[in-house]
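The basis for the numbers below is simple: all heavy atoms, side chains too, and nothing from hydrogens, waters or symmetry mates. If you're wondering where the values come from, they're calculated on a predicted model, not measured in any experiment.
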Amino acid sequence: MHIAWLGKKSPFCGNVTYGREITNSLLDRGYRVSFLHFAQEEDSQNWPDCQEVILPFLYKSQVYTIPSPKSSKVLSQSLRKLKPDIVHASLTLSPLDFLLPEICEELNIPLVCTFHPAFDNKLRNLQSSTQFLTYQLYAPFLANYDQVIVFSYMQKDLLLRLGVPKERIAVIPNGVDTEKYSPGYSSLELKKQLKAEQIYLYMGRIAPEKNLETLLKAWKISQMGSNNKLLIVGNGILTSSLQPNYGEDDGIFWLGFIGDESRRIEILRGSDVFILPSLVEGLSLSLLEAMSCGMACMATNAGADGEVIKEAGVVLGTQKVFSQLKTLLPVLRDNPDLIDTLKKKSRQRVLERYTLSDNIQQLEELYRRILKNNFNF
C-alpha cells in the first residue's frame, strides 16, 4: 500500500512528532510512504526511505500555515504523479485543508485526516472558545473526508454535535513507543548536577494556551525548597517575557528547545513529576511520553488529558489552576511514596491503552476498510 502523508516537519510541535512516529512505523511495516509538507527547498530534510514533496508556503508556525497561491496546484500535480492508494492528512490548520477533499475526489483517491486542534471539554475560558470556533469552522469540511481521526470520544461527541456524520469519525488515541520511552537510568544525572532531591518538569511550547505562567507563579509562592527544582523544556512566544521573572533563584531552570529525542528521553528518565497546566489540549504526546518513562504526572483535564491520567495521575480542573497547584505541589514534595505510586500507575496506563503499536494496528485496519469500501477489494 502506498500512503501519501500530508503533514509537518517543522517547526517542532506535536503534529511533527505525530507524523514522524506514524510514518516511520508504517515504513517499518513495509508500507510505501510519500511525505508532503510545507517547506523551502533548502529546508528539505529526508526521513529514511521516505519520498519527500515540498509544498510552497508564505508563513508557518507551530499552530497554523499559510500556503502560497500555487501550493494547491503543486499538491494536485504531485498526487497525480505519485498515484497513492490513500492520502492521510495530519491537518496543519491551513486553508489547503479545505481544498483537499475536492482535490482527492477529482483524482479518485480516498482521503483520511487526523484532526488535532486542542479543546477544553468545559468550554469555559477564552482560549477554549477560540478553539471551539476552529471546530465550528472545520466541521462542514470534515464531513467531506472519508474518515476523520480524533484522539478521544469527547472530540468525537463535539464533532457529532457540529454535524459531522458518525460513520466518518474514528477514535484512535495517540500512542507512544513504549520500548524507546521507558523508565531507566538517566546518564545526565540531573539530580547530581542540580543538587536536587526531586525534579519537576514542564516540556512543551511556551504559549498562552499552555498556561505556563500559572505553574511558575504557583511554584514560586509554594516555596518548594532548595532541594527541589523545576525544569522548563521548550520555547515559544512567551519565553522572553517569563524567563527574566522566574529563574534559578526560584529553583527554576530554563533548558530551551531540545530537538535531540534521546536527550529529551534522558531528561524524562531523570525527572520525577511531569506537570501540564494547559487550558486547552488535544491529547498531549509529551504527557504520554512522560508517563511511558515512568514519571508521576499532573495535568489539567483539558482535551483528553484528564481521561488519560484518570486514576493514574493527578487531574486538575482548567479553572483555578493556580490554587490547585499551590496546594498540590507541597503535597507531592512531602510525599515521595505518593510520587513512586503515581510513577508505576503512569507506566501501566500507557502499556494498557496508549502504545504506538496499537495505534498503528488500528490505523492499518482503517486504511484497509476504506480501500475496501471505495474499490470493493
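In this structure, Ile103 and Leu107 have side chains that are in contact, with non-hydrogen atoms separated by less than 4.5 Å. Here the side chains of Leu316 and Val314 are in contact, with some heavy-atom distance below 4.5 Å. Ser94 places a side-chain heavy atom less than 4.5 Å from the side chain of Phe38. For the pair Ser346 and Ile309, the minimum side-chain heavy-atom distance is 4.5 Å or more. The side-chain heavy atoms of Gln198 and Val273, taken from C-beta on, include no pair separated by under 4.5 Å. A 4.5 Å side-chain heavy-atom check between Trp5 and Ile22 finds at least one atom pair inside the cut-off. Residues Tyr354 and Arg349 meet the side-chain proximity criterion, which asks for heavy atoms closer than 4.5 Å. Two residues are said to be in side-chain contact when any heavy atoms from C-beta on lie closer than 4.5 Å; Leu190 and Ser271 meet this criterion.
Contacts of Tyr185 classified as ring-ring contact (aromatic ring centres under 6.0 Å, His included), with partners at least two apart in sequence or in another chain: none. Contacts of Glu102 classified as salt bridge (Lys or Arg N to Asp or Glu O under 4.0 Å), with partners at least two apart in sequence or in another chain: none. The ring-ring contact (aromatic ring centres under 6.0 Å, His included) check on Tyr367 picks up His88, with sequence neighbours excluded. For Glu189, the salt bridge (Lys or Arg N to Asp or Glu O under 4.0 Å) test picks out no residue, with sequence neighbours left out. Listed by chain and number, the residues in a salt bridge (Lys or Arg N to Asp or Glu O under 4.0 Å) with Arg369 amount to none (sequence neighbours excluded). The salt bridge (Lys or Arg N to Asp or Glu O under 4.0 Å) search around Asp272 returns Lys191, Lys343, not counting sequence neighbours.
Ring pair Tyr200/Trp219 is perpendicular by interplanar angle, where above 60° counts as perpendicular and below 30° as parallel.
The list of ring-ring contact (aromatic ring centres under 6.0 Å, His included) pairs with a residue in residues 240-297, not counting sequence neighbours, reads Phe12-Phe257. Here ring-ring contact (aromatic ring centres under 6.0 Å, His included) pairs that include residues 275-308, with residues two or more places apart or in two chains, number zero. For residues 69-80, no pair satisfies side chain to side chain donor-acceptor pair (under 3.5 Å), with sequence neighbours left out. Among pairs with a residue in residues 321-352, none fulfils ring-ring contact (aromatic ring centres under 6.0 Å, His included), at least two apart in sequence or across chains.
Taking the six-membered ring wherever Trp is involved, the centroid distance between the rings of His116 and Tyr18 falls below 6.0 Å.
Across all non-hydrogen atoms, the minimal contact from Leu231 to Ile267 is CD1-CG2, 4.5 Å. When all heavy atoms of Leu351 and Thr355 are compared, the pair lying nearest together is O-CG2, 3.6 Å. Between Leu215 and Leu325, the closest heavy-atom pair is CA-CD1, 3.8 Å. The heavy-atom pair separating Asn301 from Gly317 by the smallest distance is OD1-CA, 3.8 Å.
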For this session: Apply side chain to side chain donor-acceptor pair (under 3.5 Å) to Ser278 and Asn211, showing your working.
Result: CA-CA 5 Å; Ser278 301; Asn211 199 28; over 6 Å; no
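The line from CG of Leu276 to CE of Met298 is 10.5 Å long, rounded to the nearest 0.5 Å. For the atom pair CD (Glu289) and CG (Leu268), the distance works out to 7.0 Å, reported to the nearest 0.5 Å.
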What donor-acceptor contacts under 3.5 angstrom involve side-chain atoms of residues 173-183, with partners at least two apart or in another chain?
residue, atom, partner, partner atom, Å
Asn174, ND2, Leu283, O, 2.9
Asp177, OD1, Glu179, N, 3.1
Asp177, OD1, Lys180, N, 3.2
Lys180, NZ, Glu21, OE2, 3.3
Lys180, NZ, Glu261, OE1, 3.4
Lys180, NZ, Glu261, OE2, 3.1
Tyr181, OH, Glu261, OE2, 2.8
Ser182, OG, Glu179, O, 3.4
Ser182, OG, Arg269, NH2, 2.9

Donor-acceptor pairs under 3.5 angstrom involving side-chain atoms of residues 149-157: please list them, not counting sequence neighbours.
residue, atom, partner, partner atom, Å
Ser152, OG, Met154, N, 3.4
Ser152, OG, Gln155, N, 3.2
Gln155, OE1, Phe151, N, 2.8
Gln155, OE1, Ser152, N, 3.3
Gln155, NE2, Tyr135, OH, 3.1

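Between Glu281 and Lys210, at least one side-chain N (NZ, or NE/NH1/NH2) sits under 4.0 Å from a carboxylate O, which counts as a salt bridge. Salt-bridge formation is detected for the pair Arg29/Glu364: a Lys NZ or Arg NE/NH1/NH2 atom is positioned less than 4.0 Å from an Asp or Glu carboxylate oxygen.
Considering Glu52, His2, Lys81 in turn, His2 is the only one that fulfils the side-chain hydrogen bond (donor to acceptor under 3.5 Å, both in side chains) rule with Ser34.
The cationic group of Lys9 lies under 6.0 Å from the six-membered ring centre of Phe35 and within 45° of the ring axis, placing it in a cation-pi geometry.
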